[in-house]
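Here's the structure, in C-alpha cells; my notes come after.
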Amino acid sequence: VAVDETDMHGYLSAAGALESRLFPVFEFNPDNGGTWRERFSLEGNPEAEKDWSVSEFKFLDQNQEEAVASLAFTLMDWFVPDQRFRENFWDVTGKVDEQHLMPLQDFLAAADADIENRLPFVYIVDDEGVLRKILMTEKMMRELDRVTLKWKSLQELGGIHNSHALALLEAEREKIAAEFETKIQELKAAHEAEMSQAVQELSKDLISRIAAGLLSEGQSTPVTAEFPAAPAAAPGPAAEAETETAEPEPAVEEEEEESLSFDEPYIDTPLCTSCNDCINKNNMMFAYDDNKQAYIKDPSAGTFRQLVEAAEACPVHIIHPGKPQNPDEPGLEELIKRAEKFN
C-alpha cells in the first residue's frame, strides 16, 4: 500500500508525541485484579522507566568525521518542527558562547548550582544536513515541566519510581544499616574484651615464667651478695695468733668458679614457649620435659653449629650454646663469635 507524504507526516507526528510523553499510552483493565499493579500498565511506551527515551544520534562533526551522541527525545524535540510554535524557538548556532549552552537533557538532570548562567538547547538538522542548536522560550520550558509532572504521575500509577515503595525501601535500607552498625560495634566490643583478657592471661603467664626462671637460676648458680666489712677492732694477741694460723680454702673458690662456668650449653627451661624450633633442629640433642619445656638432653648428640643455630632461632633467646666440645668442628671461629651474645 502506498503511503503519501501527508500520512507519513501524521505517522511521524503521532510517534513523536508518544515518545516525547505528550500523548503516552496506557492500559487500564479492571478485570485483571483489584490492585493498580494488576489493572494499570504503561507497556507500549518506549523506555517507560525513564523520563525520556534515549537514542543514538550519528552525525558528522566539524572535521567531517562521524560522531555518535546519546540524545533524549523530549517534548521540545517534538515541538521544534511544528510551524505553529516556531516563534518560541530560535537558532543560536555560532551566535552564543558555547560555555553558556547546555543540552536540554543535561540541563534537566543537573543541580541548580550547575545550571547557573546556562541556556538549554536541542539539536535539529536543517535542510542542508547541518546540525543546529535551538533555544526555547520560558513558556515552552513551563510546558515541558507540566508534561513531565503528569508523566511521572502515570509512572507512579504503573509502579515505576513509586514514591511509597521508594520511601519504604529507604526506611528498610536505613534500618538494615543501623542493625549492621550495631552488630559491628558489638563485635568490636567483644573482640576488645577477648583481647584484653588474652593480654592479661599472657602477662600473668610471662610473669610466672620469669619468676620461675629467676628461681631456677638462683638454685643452679647462687650469687652471694657482698656487703662492706664492718670496721675491725684492734687485734689482740689471740686474734693475731688465729690470723697467723688461718689458711685459705682454695677448694671453695674452685667450686664457685666451676659453678659459674658457661662452658656447658644449657637452656632457661622455665622460660620455654614450646615453639618446637630447637626440637625440629635436633630431637636427639633437645627434648621436652613433663611440662613440654625444652632442655638439652645430650649436647654430644649434635654439633656446636646446631646449638648456635638453635639459639639464633629461639624466639625468647633462652638457649646458651656454651663452648664447642669438638675442637675439630669446621667453622668454629665464626660460630664462637655468633654464640657470644647468647652465653
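Position 1 is the first residue of the sequence; numbering continues from there.
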Audit row: F79, V122, side chain to side chain contact (heavy atoms under 4.5 Å, CB included) steps and yes/no: CA-CA 11 Å; F79 275 137; V122 294; over 6 Å; no

According to a 4.5 Å side-chain heavy-atom criterion applied to Ile, Leu, Val, Met, Phe, Trp and Tyr, with indirect links allowed, do [X] and [Y] form part of one hydrophobic cluster?
X    : Y    : result
F85  : L75  : yes
L108 : M102 : yes
F40  : I160 : yes
I279 : F342 : no
L135 : F89  : no

Stepwise side chain to side chain contact (heavy atoms under 4.5 Å, CB included) test for W151 and L42: CA-CA 10 Å; W151 169 246; L42 288 177; 4.2 Å; yes

Tell me whether the count of non-hydrogen atoms from other residues, nucleotides or ligands lying under 6.0 Å of [atom1] in [X] goes above 12.
X    : atom1 : value
E43  : CD    : no
F26  : CZ    : no
Q185 : CD    : yes
E170 : CD    : yes
E179 : CD    : yes
E128 : CD    : no
E333 : CD    : no
N63  : CG    : yes

Which distance, rounded to the nearest 0.5 Å, do you find between the [atom1] of [X] and the [atom2] of [Y]?
X    : Y    : atom1 : atom2 : value
N88  : T137 : CG    : OG1   : 4.0 Å
I319 : L271 : CD1   : CG    : 12.0 Å
N282 : K297 : CG    : NZ    : 10.0 Å
L71  : S53  : CG    : OG    : 11.0 Å
E27  : N32  : CD    : CG    : 6.5 Å
L101 : T93  : CG    : OG1   : 9.0 Å

Return the set of residues passing side-chain hydrogen bond (donor to acceptor under 3.5 Å, both in side chains) with [X] (not counting sequence neighbours), or none when no residue passes.
X    : value
R142 : none
E143 : R146
E156 : S163

Applying side chain to side chain donor-acceptor pair (under 3.5 Å) as the test, list every pair that has at least one member in [range]; sequence neighbours left out.
range            : answer
residues 98-111  : D97-Q99, E98-K133
residues 70-81   : T74-D77
residues 114-126 : none

H320 and D268: side chain donor to acceptor below 3.5 Å: yes

[X]: salt bridge (Lys or Arg N to Asp or Glu O under 4.0 Å) partners, not counting sequence neighbours:
X    : value
E47  : K50
D51  : K152
E312 : R338
E194 : none

Non-neighbouring partners of E172 that pass side chain to side chain contact (heavy atoms under 4.5 Å, CB included), sequence neighbours left out: K175, I176

Taking all heavy atoms of [X] and all of [Y], pick out the closest pair and write down the distance.
X    : Y    : result
V308 : A339 : CG2-CB, 3.9 Å
P315 : D277 : CD-OD2, 4.0 Å
Q306 : G302 : OE1-CA, 3.3 Å
L131 : F59  : CD2-CD1, 4.0 Å
E264 : Q325 : OE1-NE2, 3.8 Å
A294 : I267 : O-CG2, 3.6 Å

Can you find a heavy atom in the side chain of [X] that is under 4.5 Å from one in the side chain of [Y]?
X    : Y    : answer
M136 : L144 : no
S55  : E19  : yes
M195 : E192 : no
K95  : W90  : no

Sequence neighbours excluded, every pair satisfying ring-ring contact (aromatic ring centres under 6.0 Å, His included) that has a member inside residues 284-309: none

Do any N or O atoms from the side chain of [X] and from the backbone of [Y] form a donor-acceptor pair under 3.5 angstrom?
X    : Y    : answer
N343 : G322 : yes
N45  : A48  : no
Q155 : H161 : no
E334 : G331 : no

L307 and I296: CA distance, side-chain angles, deciding distance, side chain to side chain contact (heavy atoms under 4.5 Å, CB included) verdict: CA-CA 10 Å; L307 278 167; I296 297 180; 4.1 Å; yes

Ring centers of F28, W36 separated by less than 6.0 Å: yes

Criterion side chain to side chain contact (heavy atoms under 4.5 Å, CB included) on R21 and L154, from CA distance to verdict: CA-CA 10 Å; R21 315 305 189 196; L154 287 176; over 6 Å; no

